[in-house]
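Following: one structure in structure tokens, then a few remarks.
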Amino acid sequence: MKLFDVYPLFDINIVKGKGCHVWDENGTEYLDLYGGHAVISIGHAHPHYVEMISQQVATLGFYSNSVINKLQQQVAERLGKASGYEDYSLFLINSGAEANENALKLASFYNGRTRVVSCAKAFHGRTSLAVEVTNNPKIIAPINDCGHVTYVPLNDTATMVAEIDKGDVCAVIIEGIQGVGGIQLPTDEFMHAVREACTRNNTVLILDEIQSGYGRSGKFFAHQHQGIRPDLITVAKGIGNGFPMAGVLINPMFTPVYGQLGTTFGGNHLACAAALAVLDVMEQENLVDNAARVGSYLLDELKKLPQIKEVRGRGLMIGLEFDAPIKDLRLRLLKEQHVFTGVSGTNVIRLLPPLCLSMDEANLFLERFKKVLG
């Protein structure tokens with residue numbers, strides 16, 4: 001049997017990671033500014049994380065959700081304090097797509113509606129409802145194309161409010177910052193207008209913070225730059241530093257009902273140990289503040305480079321848009337300068353390094369990047 005060929009792969013076998021650096025099987029070191037959405041360290045190699053995971057797996061890695069799991073309670077308490085959402089509840093699952101599926105399900109249980117408004121260029125996952133609210137026809141199978149979704153351009157306030165004011169919208173789902181869509185930022189005006197329209201029409205506002213949350217934007221959640229409070233917030237990726245884990249933060253307006261939601265592996269003991277280790281390190285090393293400081297510096301320096309058409313982002317979530325396709329540029333950066341970056345579409349390079357990226361490492365990236373820009 002061979003692997004199902006779903007990704008175009010670089011011919012590089014990464015075997016070790018630490019901080020913002022990875023090493024291949026030949027011992028070649030790379031600076032990683034994409035990192036699979038790690039927060040505290042590439043490759044899970046932060047010593048505190050390793051210790052917490054090791055101790056937990058040696059004791060109890062998994063047991064059924066039919067009994068009390070005090071680690072889950074600790075994650076909920078700690079995450080509430082870290083994010084400023086202590087009055088919300090937490091439902092733990094395994095992936096970002098599951099988080100969005102459950103958020104959309106909760107919204108529909110709440111108001112009984114079925115229509116969802118999403119944004120152009122949105123990405124919310126690859127499972128049934130999550131992929132339907134993702135604005136990419138190439139990955140929506142006919143069985144998922146059920147007519148639930150209306151897409152509205154991000155920051156088209158008038159069109160969005162008009163849709164919500166029709167009174168039949170179950171939920172509006174918006175990314176704190178669009179990731180796959182090319183690091184597109186919602187405006188303050190847009191977000192406030194959406195919040196007000198949702199409140200007015202008993203429509204649930206879901207903020208997908210799977211990429212943009214957990215400190216990446218320089219605040220715990222990207223939507224906190226706008227000063228709004230959504231009804232549901234979805235998290236994954238950073239919550240376990242790459243360990244398969246996700247969650248939904250749930251407004252007190254939702255009443256839990258036995259049997260409506262459930263999961264076999266969600267919030268298992270090992271995942272919770274990973275999540276607690278992440279929160280420990282984020283707090284001890286002031287990683288949210290570091291993301292704001294180093295990210296601001298990177299944004300300022302990148303905006304000085306005339307070869308880049310537009311620089312967008314907040315904190316350590318940065319998009320670099322070029323006039324021409326960036327495939328060759330990105331490949332040269334990897335092969336010649338040993339720097340991993342992400343991509344969006346054909347013309348945008350995405351930077352999402354671990355939040356521990358230092359000022360020296362930011363300068364190292366700038367130095368290597370300028371060499372391939374010419």
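Keep in mind it's a predicted model, so treat the numbers as computed, not measured.
Listed by first and then second residue, the salt bridge (Lys or Arg N to Asp or Glu O under 4.0 Å) pairs involving residues 86-99 are Asp87-Arg229 (not counting sequence neighbours). The list of side-chain hydrogen bond (donor to acceptor under 3.5 Å, both in side chains) pairs with a residue in residues 291-303, not counting sequence neighbours, reads Asn290-Arg293, Tyr297-Asn363, Glu301-Lys304. Residue pairs meeting the side-chain hydrogen bond (donor to acceptor under 3.5 Å, both in side chains) criterion with at least one partner in residues 280-289, sequence neighbours excluded, are His46-Glu285, His48-Asp280, Arg78-Asp280. Screening residues 365-374 for side-chain hydrogen bond (donor to acceptor under 3.5 Å, both in side chains), with sequence neighbours left out, gives no hits. The salt bridge (Lys or Arg N to Asp or Glu O under 4.0 Å) analysis of residues 184-207, with sequence neighbours excluded, yields the pairs Asp165-Arg200, Arg195-Asp231. Pairs engaging residues 335-358 under the ring-ring contact (aromatic ring centres under 6.0 Å, His included) rule: Tyr30-His338, Tyr30-Phe340 [sequence neighbours left out]. Each salt bridge (Lys or Arg N to Asp or Glu O under 4.0 Å) pair with one or both residues in residues 106-129, not counting sequence neighbours, appears once here: Arg115-Glu163, Arg115-Asp168. Among pairs with a residue in residues 4-31, none fulfils salt bridge (Lys or Arg N to Asp or Glu O under 4.0 Å), at least two apart in sequence or across chains. A side-chain hydrogen bond (donor to acceptor under 3.5 Å, both in side chains) check over residues 247-270, counting only residues at least two apart or in different chains, returns the pairs Tyr88-Asn251.
The backbone N or O of Val169 lies less than 3.5 Å from no partner atom in the side chain of Asn201, so there is not a single donor-acceptor pair. With Gln56 contributing its side chain and Leu60 its backbone, the two residues share a donor-acceptor pair below 3.5 Å. Looking at His192, its side chain does come within 3.5 Å of a backbone N or O of Gln226 through a donor-acceptor pair. Checking side-chain atoms of His225 against main-chain N and O of Ser217 turns up a donor-acceptor pair under 3.5 Å. Formation of a donor-acceptor pair under 3.5 Å by the Glu209 side chain with backbone atoms of Ala222 is found in this model. Panel note: side chain Tyr214, backbone Asn241; no donor-acceptor pair is recorded below 3.5 Å. Using a distance-only test at 3.5 Å, with no hydrogens or angles considered, no donor-acceptor pair links the side chain of Asp32 to the main chain of Val22. A distance-only check finds no donor-acceptor pair linking the side chain of Ser128 to the backbone of Asn144 [under 3.5 Å]. Side-chain N or O atoms of Gln178 include one that pairs as donor or acceptor with a backbone N or O of Ala120 at under 3.5 Å.
Atoms CG and CG, from Leu364 and Leu357 in turn, are 9.5 Å apart once rounded to the nearest 0.5 Å. Distance check: Ile177 CD1 to Arg312 CZ gives 11.5 Å after rounding to the nearest 0.5 Å. Interatomic distance, Ile53 CD1 to Gln55 CD, rounded to the nearest 0.5 Å: 10.5 Å. To the nearest 0.5 Å, atom CG of residue Asp208 and atom OG1 of residue Thr234 are 4.0 Å apart. In this structure, CD in Glu361 is found 11.0 Å from CG in Leu298, a value given to the nearest 0.5 Å.
Heavy atoms of other residues, nucleotides or ligands lying less than 6.0 angstrom from CG of Leu3 number 12 at most. The number of heavy-atom neighbours closer than 6.0 Å to NZ of Lys81, taken from other residues, nucleotides and ligands shown, is 12 or below.
Judged as a side chain to side chain contact (heavy atoms under 4.5 Å, CB included), and not counting sequence neighbours, the contacts of Ala246 are Ile93, Ala99, Ala236. Every side chain to side chain contact (heavy atoms under 4.5 Å, CB included) that Ala158 has, sequence neighbours left out, goes to Asp156.
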Can you give me every donor-acceptor pair (side chain of residues 341-354, partner residue at least two apart or in another chain, under 3.5 Å) with its distance?
from   : atom 1 : to     : atom 2 : distance (Å)
Ser344 : OG     : Val180 : O      : 2.4
Ser344 : OG     : Gly182 : N      : 3.1
Asn347 : ND2    : Phe322 : O      : 3.0
Asn347 : ND2    : Asp323 : O      : 3.3
Arg350 : NE     : Val343 : O      : 3.1
Arg350 : NH1    : Gln211 : OE1    : 3.1
Arg350 : NH2    : Tyr34  : OH     : 2.9

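Following chains of ILVMFWY side-chain contacts shorter than 4.5 Å, one can reach Ile318 starting from Leu33, so the two form part of one hydrophobic cluster. Clustering ILVMFWY residues whenever any of their side-chain heavy atoms sit less than 4.5 angstrom apart, transitively, puts Ile228 in a cluster other than the one holding Val161.
Looking only at atom types and distance, the side chain of Ser54 has no donor-acceptor partner in the side chain of Glu51 under 3.5 Å away.
Using a 4.0 Å cut-off between charged nitrogen and carboxylate oxygen, Lys105 and Glu101 do not count as a salt-bridge pair.
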